[in-house]
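Source: prediction; values computed, not measured. Letters A, B, ... are given to chains in the order of the sequence lines, protein chains preceding strands, and every chain is numbered from 1.
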Number of protein chains: 2
Amino acid sequence: MSVTLKDVAQAARVSVSTASRALTGTGLTSERTQQRLTRIARELGYRPNPIARGLKTGQSRLVALLVHNLTNASFQVMAEVVQARLKAMGYQMLLCIGGDDPEQESDTLTTLVDHRIDGLIVVPTGKNGTQLKALAKDVPIVCLVRRDDATDLETVLADDPQGAYLGTRHLIELGHSRIGLIVGRQDTTSGRERLSGYVRALREAGIPVDDTLILAGHFVPETGATCCRTLLDLPRPPSAIFVANHEATLGALRVIAERNIAIPDDLSLLCYEDMPWFEWHRPAISIVDNGARDLANLAVDRLLQRMDAKGNGSDGVREYRVGARLVKRDSCRQIDAAPPARSGKPRSSPSRSSASKLSASKSAKV
Amino acid sequence: MSVTLKDVAQAARVSVSTASRALTGTGLTSERTQQRLTRIARELGYRPNPIARGLKTGQSRLVALLVHNLTNASFQVMAEVVQARLKAMGYQMLLCIGGDDPEQESDTLTTLVDHRIDGLIVVPTGKNGTQLKALAKDVPIVCLVRRDDATDLETVLADDPQGAYLGTRHLIELGHSRIGLIVGRQDTTSGRERLSGYVRALREAGIPVDDTLILAGHFVPETGATCCRTLLDLPRPPSAIFVANHEATLGALRVIAERNIAIPDDLSLLCYEDMPWFEWHRPAISIVDNGARDLANLAVDRLLQRMDAKGNGSDGVREYRVGARLVKRDSCRQIDAAPPARSGKPRSSPSRSSASKLSASKSAKV
DNA sequence: AGCGTTTCTGCAATCGTTTGCAGTCTATCG
DNA sequence: CGATAGACTGCAAACGATTGCAGAAACGCT
């Protein structure tokens with residue numbers, strides 16, 4: 001069917017081994033034959049068979065990326081980044097969708113190593129730690145976005161504490177002191193970490209943490225809507241809401257529209273993670289960018305290095321954090337008439353009576 | 001490293017060939033040995049090496065899906081559907097992102113056949129027809145969403161003429177007669193077909209086709225915004241806009257918001273293709289659903305059948321259409337006070353003076 | 001018992017590469 | 001001119017499975 005190495009060798013009247021050496025450039029052939037063979041190979045349209053090669057070398061030039069889904073915008077850009085980077089390195093990406101389901105994850109993982117993938121970037125569910133650990137002996141693995149606590153795998157994480165801190169501080173600087181937080185489940189790392197960043201910013205500014213303003217849960221848009229309603233129905237509703245959960249944003253926006261609440265005039269809204277349409281929404285929605293692009297790039301970097309390192313390595317660092325970034329658009333507004341704030345960024349004022357207030361702020365119970 | 005067939009054979013004190021036959025279930029082994037071997041294989045944790053198997057059989061159990069990107073919601077659901085279906089059939093999906101770029105597409109295609117994929121579902125750019133045709137000899141291919149006119153490959157298409165017709169008719173039934181259309185480039189199949197459906201619905205209702213209401217282009221949100229502005233700035237602006245282009249919707253919505261135009265009170269808006277947030281937008285946006293899910297399913301069906309058929313086949317049918325569906329939400333409104341329309345669906349009225357008007361309607365020049 | 005069938009098993013070749021080892025050639029040096 | 005190193009090249013064995021062919025065992029039948 002297709003042209004094999006043997007055909008090339010025959011056409012060039014050399015042995016298969018010579019042909020192989022010439023084309024792979026192992027350097028053990030004379031300059032002349034090498035050139036001659038590459039020419040002939042090109043003329044014949046020879047393409048090496050990765051399967052045969054893989055059988056011998058134990059490599060497949062396949063790298064898998066296992067994510068939960070593709071509806072999440074972050075996963076989309078990550079997939080695109082990973083694909084592009086890998087392709088440039090001569091690998092094919094094997095994109096798998098695990099649906100955040102441990103069983104399916106486990107299934108997929110075994111299929112993948114069956115296929116002798118050369119590397120794996122995975123957003124772990126967290127329930128297959130032992131399996132992952134075992135696989136890591138055979139193939140370089142990098143965890144992305146989530147950590148699997150049962151393993152000591154190299155992990156690339158978003159800096160959620162910092163991101164939440166940044167976002168909250170932004171709102172504080174705009175004069176908000178009652179800031180609602182809609183955040184993810186507290187048994188996920190990101191849920192915990194985003195809450196902690198929020199709390200830190202508040203404390204630093206000497207603002208007491210009000211439990212009633214903090215709502216956590218396993219979010220789908222519906223729950224986002226519910227939480228938003230709860231916040232707005234409070235006797236003293238917040239002047240700003242920080243939706244620190246991707247899925248919840250949709251629901252929150254809907255409630256806000258239903259109630260004819262004007263953003264940012266009546267309420268400031270800040271979201272975590274970007275979506276393509278946030279920029280086109282009116283008002284354009286300010287966000288904390290978790291740096292999906294950077295995360296993916298770093299994960300690929302790490303993976304490639306481990307793949308080069310060939311099993312040795314394990315050079316100490318196991319966890320990388322990628323900085324978050326505040327993207328100011330039009331959904332947050334200054335509410336204090338007090339400081340005219342002509343001059344650049346308002347400074348954060350951690351000194352102002354922070355100590356006295358700190359004791360007053362009870363830790364959030366969610 | 002991992003346990004091979006030889007190990008299993010040794011443990012069972014049979015030859016490799018017997019082991020192979022027993023485990024693959026070719027039926028040429030005795031019941032007893034078969035059971036014994038499966039047991040031993042399980043105990044030893046034997047997993048067949050797909051690479052070695054592939055070398056011999058020429059199959060890889062890999063099926064590729066090549067789409068333009070993952071930001072398009074339709075592609076997301078297609079990817080998820082295809083992955084799920086294939087997985088159930090014991091295949092791994094190789095998801096590739098071609099960026100609608102012919103060169104990258106060509107590249108990817110060769111890599112894929114190098115890897116001896118067993119099948120391919122591709123959204124063609126349309127510029128690599130000859131290559132595709134050549135590849136089709138080696139591997140079953142099904143085109144999705146777009147046709148590549150240079151080939152006679154089996155193709156699964158959305159029924160764009162019908163979808164556009166359905167949408168336009170819906171607006172007409174609501175009493176609109178000046179309906180703006182923002183549509184894709186006319187050198188793409190979908191662009192042409194959606195326009196034709198729009199025109200057909202108009203003609204059928206005896207409404208003259210007004211060229212100034214039809215805007216086409218290669219869309220990004222920005223252009224969608226521009227078109228929307230143009231329509232609204234018309235001396236006699238439309239009472240409804242049908243955005244028949246995925247990307248353009250964002251821009252249009254933005255313009256509408258900027259100008260404080262109330263939907264559906266001041267303007268009805270209908271879009272093509274669903275996006276997760278349309279449902280959560282307020283007002284929820286009515287759409288014509290192109291049936292991405294069905295498209296993907298059908299494509300998989302066709303592909304699997306061709307893969308079974310093993311090169312023969314070519315049973316005549318080359319083009320499949322998947323019906324579009326109108327999803328009424330809250331962005332379109334009745335504007336005629338005239339017909340109370342109490343009774344179910346208003347009938348389409350093709351009879352009413354259609355002949356006389358037909359001649360009056362000039363064909364759209366875009 | 002002898003023979004033909006049927007059923008199972010094993011040998012060995014094969015898929016297309018890579019790679020250790022040994023052999024061949026050329027050139028260089030004494 | 002002969003020896004010898006050095007540079008290429010070819011042979012053949014892998015890699016881990018599948019599969020045609022032929023031999024062996026078991027079985028039924030006359």
Side-chain angles (χ1 to χ4, degrees), chain A residues 1-38 40-41 44-62 90 111 113-118 138-139 310, chain B residues 1-38 40-41 44-62 90 111 113-118 138-139 310:
Chain A
M1 168 148 329
S2 64
V3 186
T4 85
L5 192 54
K6 200 162 110 187
D7 301 330
V8 179
Q10 252 160 18
R13 324 203 117 268
V14 296
S15 73
V16 212
S17 22
T18 307
S20 169
R21 278 189 275 256
L23 294 179
T24 50
T26 3
L28 295 158
T29 60
S30 71
E31 186 79 1
R32 251 171 40 84
T33 46
Q34 175 143 352
Q35 294 195 348
R36 198 164 62 92
L37 275 169
T38 40
I40 296 186
L44 261 53
Y46 167 71
R47 314 232 68 220
N49 181 335
I51 299 195
R53 177 177 294 176
L55 178 57
K56 184 66 191 176
T57 63
Q59 315 212 305
S60 59
R61 306 252 90 193
L62 252 35
T111 326
V113 296
D114 279 356
H115 275 280
R116 300 299 190 271
I117 50 170
D118 291 345
D138 292 342
V139 66
K310 271 286 178 212
Chain B
M1 168 145 330
S2 63
V3 21
T4 86
L5 191 55
K6 201 163 110 186
D7 301 331
V8 179
Q10 252 160 19
R13 324 201 117 268
V14 295
S15 73
V16 211
S17 25
T18 308
S20 169
R21 280 189 274 254
L23 294 179
T24 50
T26 4
L28 295 158
T29 59
S30 71
E31 186 80 0
R32 254 173 38 87
T33 45
Q34 177 143 348
Q35 294 195 348
R36 199 163 61 94
L37 276 170
T38 40
I40 296 188
L44 262 54
Y46 166 71
R47 313 234 71 219
N49 181 336
I51 299 196
R53 176 178 294 175
L55 179 59
K56 181 67 190 178
T57 62
Q59 317 213 303
S60 59
R61 304 254 90 193
L62 253 35
T111 326
V113 295
D114 280 356
H115 274 281
R116 299 300 188 274
I117 50 169
D118 290 346
D138 291 342
V139 69
K310 268 288 176 209

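Place A:Thr18 and B:Arg116 on DNA chain C by their nearest nucleotides, and B:Arg116 ends up nearer the 5' end. Between A:Leu5 and B:Ala19, the one whose closest nucleotide on DNA chain C sits nearer the 5' end is B:Ala19.
Residues B:Ser20 and B:Arg53 fail the side-chain proximity criterion, which asks for heavy atoms closer than 4.5 Å. Using a 4.5 Å heavy-atom cutoff, the side chains of B:Leu23 and B:Thr38 are in contact. Between B:Thr29 and B:Leu37 the shortest side-chain heavy-atom distance does not fall below 4.5 Å. Residues A:Thr4 and A:Asn49 fail the side-chain proximity criterion, which asks for heavy atoms closer than 4.5 Å. Between A:Val113 and B:Arg47 the shortest side-chain heavy-atom distance does not fall below 4.5 Å. Counting heavy atoms from C-beta outward, B:Pro50 and B:Arg61 have side chains that stay 4.5 Å or more apart.
Going from atom CG of B:Leu37 over to atom P of D:dT18 covers 13 Å, rounded to whole Å. Atoms CD (A:Gln34) and C1' (D:dT9) sit 14 Å apart, rounded to a whole Å. Taking atom CD1 on A:Ile51 and atom C1' on C:dC15, their separation rounds to 10 Å, with Å as the unit. A:Arg61 places its CZ atom 15 Å from the C1' atom of C:dT17, with the value rounded to the nearest Å. When the P atom of C:dC15 is taken as reference, atom CG of B:Asn49 falls 18 Å away, rounded to whole Å. B:Leu55 has its CG atom 17 Å from the P atom of D:dA14, to the nearest Å. Between the NZ atom of A:Lys6 and the P atom of C:dT14 there is a distance of 8 Å, rounded to whole Å. For the pair B:Tyr46 OH and D:dT18 C1', the interatomic distance rounds to 10 Å; values are reported in whole Å.
Between A:Arg53 and C:dG16 there is no side-chain polar atom (N or O) within less than 4.0 angstrom of OP1 or OP2. Dashed line: the shortest gap from a side-chain N or O of A:Ser20 to OP1 or OP2 of C:dT19 is not under 4.0 Å. The side chain of B:Thr24 contributes no N or O atom lying less than 4.0 Å from OP1 or OP2 of D:dA17.
Within the helix from C:dA1-D:dT30 to C:dG30-D:dC1, the inter-axis angle between the opening and closing five-pair segments is 60°, rounded to 10°.
B:Pro48 comes within contact range of the sugar-phosphate backbone alone, with a heavy-atom separation under 4.0 Å but no base atom that close. Among the heavy atoms of the strands lying under 4.0 Å from A:Thr4 are primed sugar atoms or P, OP1, OP2 only; no base atom is included. Within 4.0 Å (heavy atoms only), A:Arg47 reaches sugar-phosphate atoms of the nucleic acid but no base atom.
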List, with names and distances, any nitrogen or oxygen atoms from the protein found under 3.5 Å away from nitrogen or oxygen atoms belonging to nucleotides 11-13 of chain D.
{"residue": "D:dC11", "atom": "N4", "partner": "A:Ser17", "partner atom": "OG", "Å": "3.0"}

